[in-house]
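Just so we're on the same page: letters track the sequence lines, and every chain starts at 1.
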Protein chains: 2
Amino acid sequence: MASRRAIPELAPRKRPTQARAQRTYRAIVEAGARVLERHGYEALTTNRVAELAGVGIASLYEYFPNKHALTAEVVRHVLDGLLAELGASTQLITGAPPEDAMRAWLGAMYAAVAKRRAVVRVIVQEVPFLWAIPAVDQARALLLALARSTRDLDARARRAPPLSDATVYLLATMTGAAVLEAVLRPPADHTPDELITALAEVILRATGQPPAPRRAPPRRGPRTTGARRA
Amino acid sequence: MASRRAIPELAPRKRPTQARAQRTYRAIVEAGARVLERHGYEALTTNRVAELAGVGIASLYEYFPNKHALTAEVVRHVLDGLLAELGASTQLITGAPPEDAMRAWLGAMYAAVAKRRAVVRVIVQEVPFLWAIPAVDQARALLLALARSTRDLDARARRAPPLSDATVYLLATMTGAAVLEAVLRPPADHTPDELITALAEVILRATGQPPAPRRAPPRRGPRTTGARRA
DNA sequence: CCATAATCCGAGCAAACGCTCGGTTCTACT
DNA sequence: AGTAGAACCGAGCGTTTGCTCGGATTATGG
């Protein structure tokens, strides 16, 4: 029982109070995100981030005790933006018929992730201690809670027995993974819209919804994504 | 358009021909896997791997042009073991009734990944250039092809129209993700068996199978996993 | 048996890394 | 205006990294 992996300190050292300091702080975090997005986690060195942010290296260490804390804050920042956008989209679809709502929600999720494609890719595939960052767990818990409450509302509306917690957990997890996969490694032979439609269908069928006889021909689909191949 | 991320050289420098050299080669790759498993990607330094393998650092560079190529080979090695085990399990379930077959297959998948939990975790979450490794793409393609052929067989047997390619792609992707998730971040409030059962149910329902009225009480479930919490 | 090639080796180089030090500059408040 | 403390700064330290060099050792096959 010799060497286990050490858990790094992830909390910021101190919060900026003056306006000038807040600008510095933001500049550092945003520079971090840019480096992550453009050059990957291995290139995320403290010197490089400070230089890109236009601040001295020592200023960076005023606010972050070490590189890991900086990384954690960058991740939190990106995640915040993503959840905010997702939350705004959620407002717009409450009350729609379930089938359209599902497609719209998935489309919003896809769009939000796609807009941050590069940085999200690096975060989920390269940051070694991603699951030790509190914000990540919180985001997961939030989405799971949302899924559960949707399940409850839906079950009550349809007067059907609700799905088990395990099933909801699975569906939420799988949906997130599918969207991530579709964005990060888009399969050559399916368009995003096709994938989202298929995904909505799978989820609805898995939750016991009627298989929904093919809907009317697309009168120009709701633009959820940019076009792929021409 | 200045600095893009360089694609590292991933192929081994040369293959060992003599028996002694083959032992050295294996020792290096296995030591790499051990370091990855026990200490993560950041600790995977060439000097450390060579030392653990019991060979000189220069011997390592006889066979691998750089650190990335070594990593790629380690990943290939682990993946090989996993696929081999999975292939063996597949033999055992051909011909079983579809519901049992699905559960058995998922159980086998879970068990194979769970056995390599630590190293798999590091590989999927930390190796920065994972998707540039040919073996990874090959493994994905293989599993997808398997899913497609199963779909075809099943559709013919049930005289039902086959699922679309997009749907099969989604189901295969999501299933893989769900198993990985269940192993790497096991939710506190669901046992693995519970998850596998729920997963099988979701897949069967999504593929249009009858919802299967609750089966007989478990006469001792096929042991697919170790027990969780006492 | 001997020449040729294959294999093995570790000291150490150049570069890059995370982070500290000792101090200057700016801001808030009396 | 004066001062305490918040904010900022870059040279450079100690360490670690990936990798090379020049040569020693071992196997092959004629």
Asker: So what does A:Leu60 hit on the nucleic acid, given a heavy-atom distance under 4.0 Å: a base, only sugar-phosphate, or nothing?
Answerer: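 Contact class for A:Leu60: none.
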Asker: Donor-acceptor check, side chain of A:Arg116 to backbone of A:Gly81, threshold 3.5 angstrom: yes or no?
Answerer: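 Yes, A:Arg116 side chain to A:Gly81 backbone: donor-acceptor pair under 3.5 Å.
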Asker: Is the shortest side-chain N/O distance from A:Ser59 to OP1 or OP2 of D:dC9 below 4.0 Å?
Answerer: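 Checking A:Ser59 against D:dC9: at least one side-chain N or O falls below 4.0 Å of OP1 or OP2.
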Asker: Measure CZ/A:Arg48 against P/C:dA15 and give the value in whole Å, please.
Answerer: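 Computing the A:Arg48:CZ to C:dA15:P distance gives 18 Å.
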Asker: Would you kindly give the OH-to-C1' distance between A:Tyr41 and C:dC17, to the nearest whole Å?
Answerer: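 In whole Å, C:dC17 C1' lies 12 Å from A:Tyr41 OH.
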Asker: Output yes when at least one side-chain N/O atom of A:Thr17 is less than 4.0 Å from OP1 or OP2 of D:dG5, else no.
Answerer: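 Checking A:Thr17 against D:dG5: no side-chain N or O falls below 4.0 Å of OP1 or OP2.
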Asker: Given that B:Ala19 and A:Tyr25 both sit by DNA chain D, which one's nearest nucleotide is further toward the 5' end?
Answerer: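 The answer here is A:Tyr25.
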Asker: Between the side chain of B:Glu126 and the main-chain N/O of B:Tyr41, is any donor-acceptor distance below 3.5 Å?
Answerer: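 Flag set: sc B:Glu126 to bb B:Tyr41 pair under 3.5 Å.
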Asker: Examine C:dG18: is either OP1 or OP2 under 4.0 Å from a nitrogen or oxygen in the side chain of A:Thr46? Give yes or no.
Answerer: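 A:Thr46 to C:dG18 OP1/OP2: side-chain N or O found under 4.0 Å.
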Asker: Distance check needed: C:dC19 P versus A:Asn66 CG, whole Å only.
Answerer: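 In whole Å, C:dC19 P and A:Asn66 CG are 5 Å from each other.
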Asker: May I ask you to verify if any side-chain N or O of A:Lys14 is less than 4.0 angstrom from the OP1 or OP2 atom of D:dA6?
Answerer: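 So the side-chain polar atoms of A:Lys14 never come under 4.0 Å of the phosphate oxygens OP1 or OP2 of D:dA6.
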Asker: Reckon B:Tyr61 has a side-chain N or O less than 4.0 Å from the OP1 or OP2 of C:dC8?
Answerer: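 So the side-chain polar atoms of B:Tyr61 never come under 4.0 Å of the phosphate oxygens OP1 or OP2 of C:dC8.
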Asker: Do B:Val183 and B:Val120 make a side-chain contact, defined as non-hydrogen atoms from C-beta onward lying under 4.5 Å apart?
Answerer: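 No, too far: nothing below the 4.5 Å cut-off.
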Asker: Touch check for B:Ala58, heavy atoms < 4.0 angstrom, all strands: base, sugar-phosphate only, or nothing?
Answerer: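 Contact class for B:Ala58: base.
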Asker: From CD of A:Gln18 over to P of C:dC29, roughly how many Å is that when rounded to an integer?
Answerer: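 After rounding, the gap between these two atoms is 9 Å.
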Asker: If I take atom CD in residue B:Gln22 and atom P in nucleotide C:dA6, what distance separates them, rounded to the nearest angstrom?
Answerer: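 B:Gln22 atom CD is separated from C:dA6 atom P by 15 Å.
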Asker: Have a look at B:Arg151 and tell me which of B:Thr167, B:Thr207, B:Asp165 forms a side chain to side chain donor-acceptor pair (under 3.5 Å) with it.
Answerer: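 Result for side chain to side chain donor-acceptor pair (under 3.5 Å) with B:Arg151: B:Asp165.
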Asker: Specify the separation, in whole Å, of atom CZ of B:Phe64 and atom P of C:dT7.
Answerer: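 Between P of C:dT7 and CZ of B:Phe64: 13 Å.
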Asker: Between the base of C:dC17 and the side chain of A:Asn47, is there a donor and acceptor pair under 3.5 angstrom?
Answerer: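 Flag unset: no donor-acceptor pair detected.
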Asker: For A:Arg20 and B:His68, take the nucleotide of DNA chain D holding the closest heavy atom to each; which residue's nucleotide lies nearer the 5' end?
Answerer: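 The answer here is A:Arg20.
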Asker: Measure up the A:His190 and B:Tyr169 rings against each other and bin them: parallel (under 30°), tilted (30 to 60°), perpendicular (over 60°).
Answerer: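 Geometry flag for B:Tyr169 against A:His190: tilted rings.
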Asker: Students often mix this up, so state it plainly: with edges at 30° and 60°, are the rings of B:Tyr25 and B:Tyr63 parallel, tilted or perpendicular?
Answerer: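 Perpendicular, since the angle between the ring planes exceeds 60°.
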Asker: Please determine, for the side chain of B:Arg13, which listed nucleotide (D:dT20, C:dC9, D:dG12) has the closest atom?
Answerer: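 Side chain of B:Arg13 sits closest to D:dT20.
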Asker: Counting only side-chain N and O atoms of A:Thr24, is one of them less than 4.0 Å from OP1 or OP2 of D:dC8?
Answerer: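 Yes, within the criterion.
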Asker: Under 4.0 Å, heavy atoms only, any strand: does A:Glu62 hit a base, just the sugar-phosphate, or nothing?
Answerer: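 Counting heavy atoms under 4.0 Å across all strands, the contact made by A:Glu62 includes a base.
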Asker: Look at all strands and tell whether A:Tyr63 reaches a base, only sugar-phosphate, or nothing, counting heavy atoms closer than 4.0 Å.
Answerer: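 It contacts sugar-phosphate atoms only.
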Asker: Give the rounded distance in Å between these two atoms: NZ of B:Lys67 and P of D:dG18.
Answerer: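 That distance rounds to 5 Å.
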Asker: To the nearest Å, how far apart are A:Ile57 CD1 and C:dG23 P?
Answerer: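 Interatomic distance, CD1 of A:Ile57 to P of C:dG23: 20 Å.
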